[in-house]
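Indexing begins at 1, ligand by ligand and atom by atom, following the structure's order. All values below were derived from every heavy atom in this structure, side-chain atoms included, with hydrogens, water molecules and symmetry-related copies excluded.
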Amino acid sequence: MSSTTARLSRRGLGALASLPADPPDAAGIVHLGLGRFHRAHQALYTARALELEPGPWGIVGVARRSRGVVDALRAQDGLYGVLELAGGASAALVVGVHRELLVAADDPLAVVARIADAATRIVTLTVTERGYSARSATGELDVAQVRADLAGSAPCTTIGLLARGLQRRFREHGEPLAIVSCDNVARNGEHVRALVGGFVGLLADADAAELGDWIARSVAFPSTMVDRIVPATQLEHRRRVEQLLGLHDLAPVAAEPFGMWALEDRFPGGRPCWERAGAVFSDEVQRYEQLKLRLLNATHSLIAYLGLLAGERTIAAAIARPRIRAAAEHLVHAELRPTLDAPAGLDVARYVDELFARFDNAALDHRTATVASDGSLKLPVRITGAVLQLCDRGVVPRALALTVAAFIRCAASPDAYDEHALGEICDPRRGWLRDLERRSRDSRELVRAVFDADVFAPALADATAFVEAVAELHAALVRGGHRAGIEAAIG
Ligand code: CS2
């Protein structure tokens with residue numbers, strides 16, 4: 001990349017247009033989690049909506065810890081490029097919808113103050129499955145993770161920041177607010193409501209009960225389904241953005257052209273006209289969410305784990321292997337589709353065709369190790385409902401069992417795939433899984449121990465036939481790698 005190219009900035013934009021054209025003059029939205037997904041999804045929907053209908057909706061972007069992205073965006077007047085990659089074609093646009101940028105770890109009380117500010121009407125979140133301080137098996141608040149926030153005044157967890165921000169809001173003026181999770185968590189609105197409620201219920205403050213009542217009356221937690229594949233930004237993506245913009249961008253994001261956002265329309269303080277930017281307001285968000293978490297995310301996980309075992313670095317390369325494709329198609333058509341109630345008007349067959357074309361998008365360079373990371377938090381959300389539904393009908397879903405077996409194989413066994421070439425999987429349970437594998441005599445013992453721990457819901461541990469299928473398929477993966485696993489699962 002050329003070091004002589006001018007830096008992206010409002011002044012340097014020249015003939016390039018940014019979206020929206022004018023910098024936001026108010027900040028009605030606080031967003032926690034300034035990662036790539038936010039920048040390529042809600043921030044872009046907001047920028048497009050503002051372009052079509054101006055309003056008091058700039059974003060205060062809050063990174064949890066990462067000073068890098070905040071420094072980069074500050075240096076560029078909040079601007080960044082979004083690179084859309086469609087097969088051979090690519091296009092870049094400049095987005096500038098952030099009005100202020102903060103790092104929560106450096107200045108938690110400023111974040112609390114912004115959430116409490118009467119001008120803030122919406123708080124959105126993309127903090128990943130990890131960011132909710134919840135137990136994966138039950139979804140309940142993991143009190144150990146928020147203990148310091150319960151005791152102190154400068155919170156360091158998302159739930160602590162939200163609860164302390166609401167407390168101050170309640171004490172200062174009591175204006176209503178919407179808190180909107182945009183993470184891949186089932187019934188994400190309800191989930192955050194319960195976690196914030198759990199935190200407030202443990203506060204020792206004299207007004208804690210009144211605060212709880214006020215939250216019930218004045219804070220909405222609409223559920224949402226978010227969708228857009230946003231890979232880690234690779235050097236090639238950066239080069240392309242620089243070529244297309246003619247400016248050097250320190251914080252570009254690359255994304256597929258596809259995007260989808262379904263939300264419940266409960267915004268007591270108002271909202272941008274996101275529907276004009278393509279979002280869908282619906283009473284069937286749970287159906288959208290289920291469809292997406294199962295068809296896209298569960299299948300993504302299967303492709304990622306089998307891909308690692310097959311030595312593939314990217315999702316597109318993994319799904320290009322006929323056996324892996326067959327396993328993914330079996331999972332989608334034979335196991336997941338029969339568990340879904342599609343939202344009215346959504347053509348599932350078309351969605352699935354488009355889904356496989358999205359997985360095939362090689363320009364994204366979407367890494368298998370990225371999708372495979374945090375499986376101990378992702379898989380419970382992605383597979384549990386479908387497995388239980390199918391087991392209730394007397395069917396043992398073998399491709400879902402293969403997904404879990406391949407996760408355990410990749411995360412627990414140091415020799416399962418070439419970490420050096422393909423990248424390490426990050427997972428909060430990785431050390432524990434490795435230790436468990438060392439101590440287990442065989443696949444059966446290992447898999448049983450995983451289900452008996454608090455990773456998956458207890459109901460899954462009771463689905464004996466499913467657990468046995470996972471153990472059998474894990475043994476096949478150990479014996480003959482991904483081929484033997486797929487063969488044993490679907491023939
Ligand atoms: C992926 C998701 O990394 C993963 O686990 O399955 O990030 C996926 O790309 C998005 O949910 C797509 O909307």
Side-chain angles (χ1 to χ4, degrees), residues 33 35-45 82 84-85 124-132 136 181-186 188 223-234 237 253-263 278-280 285 288-308 312-316 318-319 324 328 331-332 336 351-352 354-383 386 400 403-404 406-407 410-411 422-428:
R36 300 183 306 274
F37 184 74
H38 160 67
R39 283 180 278 146
H41 192 275
Q42 310 86 46
L44 189 54
Y45 276 90
V82 177
E84 289 197 352
L85 296 159
T124 47
L125 314 171
T126 49
V127 295
T128 79
E129 294 85 346
R130 266 180 197 244
Y132 288 90
S136 66
S181 162
C182 300
D183 280 301
N184 289 322
V185 176
N188 51 15
S223 277
T224 65
M225 182 283 296
V226 290
D227 192 6
R228 191 168 198 194
I229 296 176
V230 184
T233 316
Q234 307 295 345
H237 300 146
V253 281
E256 62 174 342
F258 183 96
M260 203 169 173
W261 195 10
L263 309 91
V280 177
V285 168
Y288 278 100
E289 190 187 85
Q290 205 174 70
L291 179 103
K292 192 260 174 169
L293 287 171
R294 293 186 189 177
L295 295 183
L296 188 151
N297 293 114
T299 311
H300 228 179
S301 294
L302 176 67
I303 299 167
Y305 294 118
L306 292 178
L308 287 176
E312 296 297 356
R313 202 155 79 122
T314 68
I315 294 291
I319 193 74
I324 296 184
L331 173 62
V332 165
L336 298 175
Y351 179 92
V352 167
E354 193 168 17
L355 181 62
F356 278 90
R358 294 167 66 195
F359 290 151
D360 285 335
N361 186 343
L364 291 175
D365 197 5
H366 197 194
R367 304 288 164 93
T368 40
T370 307
V371 178
S373 286
D374 285 343
S376 66
L377 299 170
K378 291 172 176 173
L379 288 192
V381 179
R382 298 173 181 200
I383 65 145
L400 280 161
T403 311
V404 181
F407 151 66
C410 289
L422 307 180
E424 258 194 69
I425 303 181
C426 307
D427 195 302

Identity and separation of the nearest protein heavy atom to atom 9 (O) of ligand 1: H300 CE1, 3.4 Å
Exam field: side chain H237 to backbone Q234, donor-acceptor pair closer than 3.5 Å: yes
Any donor-acceptor pair under 3.5 Å from D183 side chain to E129 backbone: no
Residue R228 vicinity, atoms of ligand 1 by number, heavy atom under 4.0 Å: 12 (C), 13 (O)
Sidechain-backbone polar pair: R36 side chain, A254 backbone, donor-acceptor under 3.5 Å: no
Nearest non-hydrogen protein atom, atom 13 (O) of ligand 1: D227 OD1, 2.6 Å
Top protein contact for atom 2 (C) of ligand 1, by heavy-atom distance: N297 ND2, 3.6 Å
Protein heavy-atom partner closest to atom 7 (O) of ligand 1 - residue, atom, separation in Å: N184 ND2, 4.3 Å
Salt bridge flag under 4.0 Å for residues R367 and D365: yes
Any donor-acceptor pair under 3.5 Å from R228 side chain to A255 backbone: no
Closest protein heavy atom (residue, atom, distance) for atom 4 (C) of ligand 1: K378 NZ, 3.4 Å
Protein contact to atom 10 (C) of ligand 1 [nearest heavy atom, distance to 0.1 Å]: K292 NZ, 3.7 Å
Distance-only N or O hit between ligand 1 and H366, under 3.5 Å: no
Sub-4.0 Å heavy-atom approach of R382 to ligand 1: yes
Side-chain donor/acceptor of Y45 to backbone N/O of G278, under 3.5 Å: no
Step-by-step side chain to side chain contact (heavy atoms under 4.5 Å, CB included) determination, Y351 to L296: CA-CA 10 Å; Y351 179 92; L296 188 151; 4.2 Å; yes
